[in-house]
Every structure is written in structure tokens, then in C-alpha cells.
Visitor: 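Here it is, the structure, as C-alpha cells.
Quick note: residue numbers are just sequence positions, from 1. We count ligands from 1, going down the list as the structure has it; atoms in each ligand are counted the same way.
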Amino acid sequence: MLQPQDIIRLEDEAVVVLDQTRLPAERVERRCTTVAELIEAIRVLAVRGAPALGVAGAMGIALAARSAPEHPLGMRQYLAEQGALLQAARPTAVNLAWGVAEALAELDRDVRGVQEARGRIAARARRIQDEEVARCRAMGRHGAALFGERPELMTQCNTGGLATGGYGTALGVVHALAERGADPHVYVPETRPLLQGARLTAYELAEAAIRHTLVTDNATGAILREGVVQGILVGADRIAANGDTANKIGTYNLAVLARHHDVPFYVVAPTSTIDPATPSGAAIPIEQRAAAEVTGFGGVVTAPAATGARNDAFDVTPAELVTAIVTEHGVLRAPYDLRGERPDG
Ligand code: MRU
């Protein structure tokens, strides 16, 4: 399994990420020595997935602190500006804003000078990664208890170590099942347009020697109708206070199919993905990405030049279609009131 420091780490002069745009063909690191470079890495999805974005946001503030003015007030203003830029890089995953806010909150503690602030922010950023991995392992335990031996599962997008900075949310449950010796099998939809399922989830499952089958996004209905899938496990980019869940485009389709075929539909996400300030899914901002991601792939154009495309990166699944939400605290069931569900500490 990929180790957390192989996925994203904070060095003295850089945030270093495993470039997920190059997987599975090659394992290449991308060194971001400025906040602008990190923002670009976030925009192109070199680092992606909600909890990993939270880690990246906090590490971005630590990077910014290195070049911040030497005066406390100047530093505070500069970091607030850099934080706003980082947050704007991707709007849907609330973890990004959360990670930035957690790092900035170090400035509100009793810090003696700029140098101490730099050290505390860096330590907080590294701790956020450790805490996310611990949350993932706890979710894995809670989620694995929902299934018996040799479960047939389906997922969406990539929710593994790559998406979280270590271990995974929905895929963390799969890892926990495998560690228990339950021998899970996972149907992995490709996840067009950027193929996080085919490129990343399949890569992680293959590395872990977990049984899996890649399917087109269009095949999921036919497979669910066969009646063998015992659960759909997805992650989340933002969960509103009422349980409405934004996740990778296509998640809503799976939730509707799951209801029709009477298959349990589980959202697996840490409390850092819960946004108590957003009452329902209607208020979740949905990232719109370039049409070119839909009209082609990997530099090959697949649609006529005159054809336009719409490219919502995420959709919202209403809480009524969610069988349960698995967080590090346990398995929550409807009716959801998540206003008090926050990370410990
Ligand atoms: O656009 P991406 O690849 O960042 O989207 C990622 C997802 O939608 C994941 O399912 C989500 O972040 C949960 S990951 C633990």
C-alpha cells in the first residue's frame, strides 16, 4: 500500500505530491515550491480527493508562511490572502477550506513571533495528515463490520490512499475487509471524464492484490440488476448538515440505481468533510471543469470541433437515498442532523 509520505508530504522548501495525473503509467513526484505551483497541482488534479485536498491546503499555508512578512500582522494578512487563493482552487471539497482554516487557526494561539508561528503551522499541517489517516482507519473498521465474507461491492471514482493522504474512505473499508481476510471483490466504474476509477482505484486495488473488475460507467445498471452486489461504497467531497452528499459525478446515478435494486448505498467520509454551515445539498457549489475533458482524453479529441460539452465535476445525492453515513465516529442513519459532527481535537 502507498505510504502517506509517498502521496503528499511537507518538506522544508516544498510540498511534494505524487503526480496522480501520471498514474498508472508512471510514478513521478511533483515538487511545489510556491503556493502558485501548489494551486496549479490542485487544479490539474495532480493532488485530488477531498481529505488529500485538506492536507494540501494546510501544507500550502505552511509553505506560504516561509515567505510571509517577518511582522506578525503582515504575516497574518499575507497568509489570509494565500489561503483565499488556495481555497478557490477547487470549490466543492470542503476539506480544502477546512485544512486552510485549521492551519490559519494556529495564528490565533499564543504564538511568540513569526518564527514560532511558522513551526506551529508546519506541525499542524503534518498532524492533519496523520489525523486523516487515523480517521480513515476508524471508518474502515466501522464500515467493514457492515459486511460478511467475500462481499461483492461497487464504488465510484477514487477514494483510496491517493484521495486521502493515506488508507482511504470508501476504499479504506475495502482495505479493512481485506486485512480481516474477508476477500472482497469490487466493481470499479471507470469514472469519466478523467478516469479516476480506471487509473487510480484499479491501481490501488491491484497494488493491494484485492479482487476487482473494471466496468464502464454505463454498465453499472446492468450489473446491479444481476443482484450480486451487496453494497455500494462512495466517498464525499462535502456533506451538508441534512446528509445531502456531493461526490464525483455519477454518484447520484448509482444512488438511484441502488434504491431501485434494493442495494445498500453507503457514504464513507471523515467529519472533516461535513459542512455544518451548509444546510442542504442545494447550497453546495459544484465545480465546472473544462469542456475539453469531455470532448477528448489524453490529448486525443473524440468529438467534433464544433461540439460543446458540459462538465460538472460533482453531483449531489439527496440524503433520502443514503442508507448510512460512515464517519470515524461510527455508522449514522437517517434522519441525519450532522451539525455537531466535527473532527475531535
Ligand atoms: O475530482 P476528484 O478526483 O478530486 O474527486 C474525488 C472524489 O469525488 C472522491 O470520491 C471524494 O473526494 C471522496 S475521496 C476520499
Visitor: Of the backbone atoms (N, CA, C, O) and the side-chain heavy atoms from C-beta on, which set of T164 has a member under 4.0 Å from an atom of ligand 1: side chain, backbone, both, or neither?
Guide: side chain
Visitor: Should E13 and R66 count as an ion pair when the cut-off is N to O under 4.0 Å?
Guide: yes
Visitor: In this structure, does ligand 1 have an atom that sits under 4.0 Å from one of the heavy atoms of G49?
Guide: yes
Visitor: Is the shortest distance from a Lys or Arg side-chain nitrogen in R192 or D217 to a carboxylate oxygen in the other one below 4.0 Å?
Guide: no
Visitor: Under 4.0 Å, heavy atoms only, figure out whether ligand 1 is touched by the backbone of K248, its side chain, both or neither.
Guide: both
Visitor: Please state which option from D237, V234, V268 has its nearest heavy atom closest to atom 11 (C) of ligand 1.
Guide: D237
Visitor: Does L45 reach ligand 1 with a nitrogen or oxygen that is under 3.5 Å from one of the ligand's nitrogen or oxygen atoms?
Guide: no
Visitor: Using modelled atom types only, decide if a donor and an acceptor are shared between the side chain of Q156 and the backbone of P189 within a distance under 3.5 Å.
Guide: no
Visitor: Going by the atom numbers of ligand 1, which of them fall below 4.0 Å from some non-hydrogen atom of P51?
Guide: 15 (C)
Visitor: Among all the protein's non-hydrogen atoms, which is closest to atom 3 (O) of ligand 1, and how far away is it?
Guide: R48 NE, 2.5 Å
Visitor: What is the nearest protein non-hydrogen atom to atom 10 (O) of ligand 1, stated with its residue, atom name and distance?
Guide: N247 OD1, 2.7 Å
Visitor: Tell me if a side-chain donor or acceptor on Y167 pairs with a main-chain N or O of V173 at a distance below 3.5 Å.
Guide: no
Visitor: Below 4.0 Å from any atom of ligand 1, is there a heavy atom belonging to A236?
Guide: yes
Visitor: Examine the proximity of ligand 1 to A50 and report which part, side chain or backbone, both or neither, has a heavy atom under 4.0 Å away.
Guide: both
Visitor: Go through R259 and E320 one step at a time and tell me if the salt bridge (Lys or Arg N to Asp or Glu O under 4.0 Å) criterion holds.
Guide: CA-CA 10 Å; R259 176 60 53 93; E320 62 184 313; 5.5 Å; no
Visitor: With only distance considered, is Q196 within less than 3.5 Å of ligand 1 through an N or O on each side?
Guide: yes
Visitor: Charged N to carboxylate O below 4.0 Å: is that the case for E37 and R31?
Guide: no
Visitor: What is the closest protein heavy atom to atom 14 (S) of ligand 1, and at what distance does it sit?
Guide: A163 CB, 3.7 Å
Visitor: What residue and heavy atom of the protein are closest to atom 15 (C) of ligand 1, and at what distance?
Guide: T169 OG1, 3.1 Å
Visitor: So with a 6.0 Å cut-off around CD of E179, is the heavy-atom count from everything else above 12?
Guide: yes
Visitor: Below 30° counts as parallel, above 60° as perpendicular, anything between as tilted: where do the rings of Y266 and F147 land?
Guide: perpendicular
Visitor: Under a 4.0 Å threshold between the charged nitrogen and the carboxylate oxygen, would R9 count as salt-bridged to E11?
Guide: yes
Visitor: Decide if atom CZ of R127 counts as having more than 12 heavy atoms of other residues, nucleotides or ligands within a radius under 6.0 Å.
Guide: yes
Visitor: For N158, state whether at least one heavy atom is located under 4.0 Å from any atom of ligand 1.
Guide: yes
Visitor: Would you say R90 touches ligand 1, if touching means a heavy atom closer than 4.0 Å?
Guide: yes
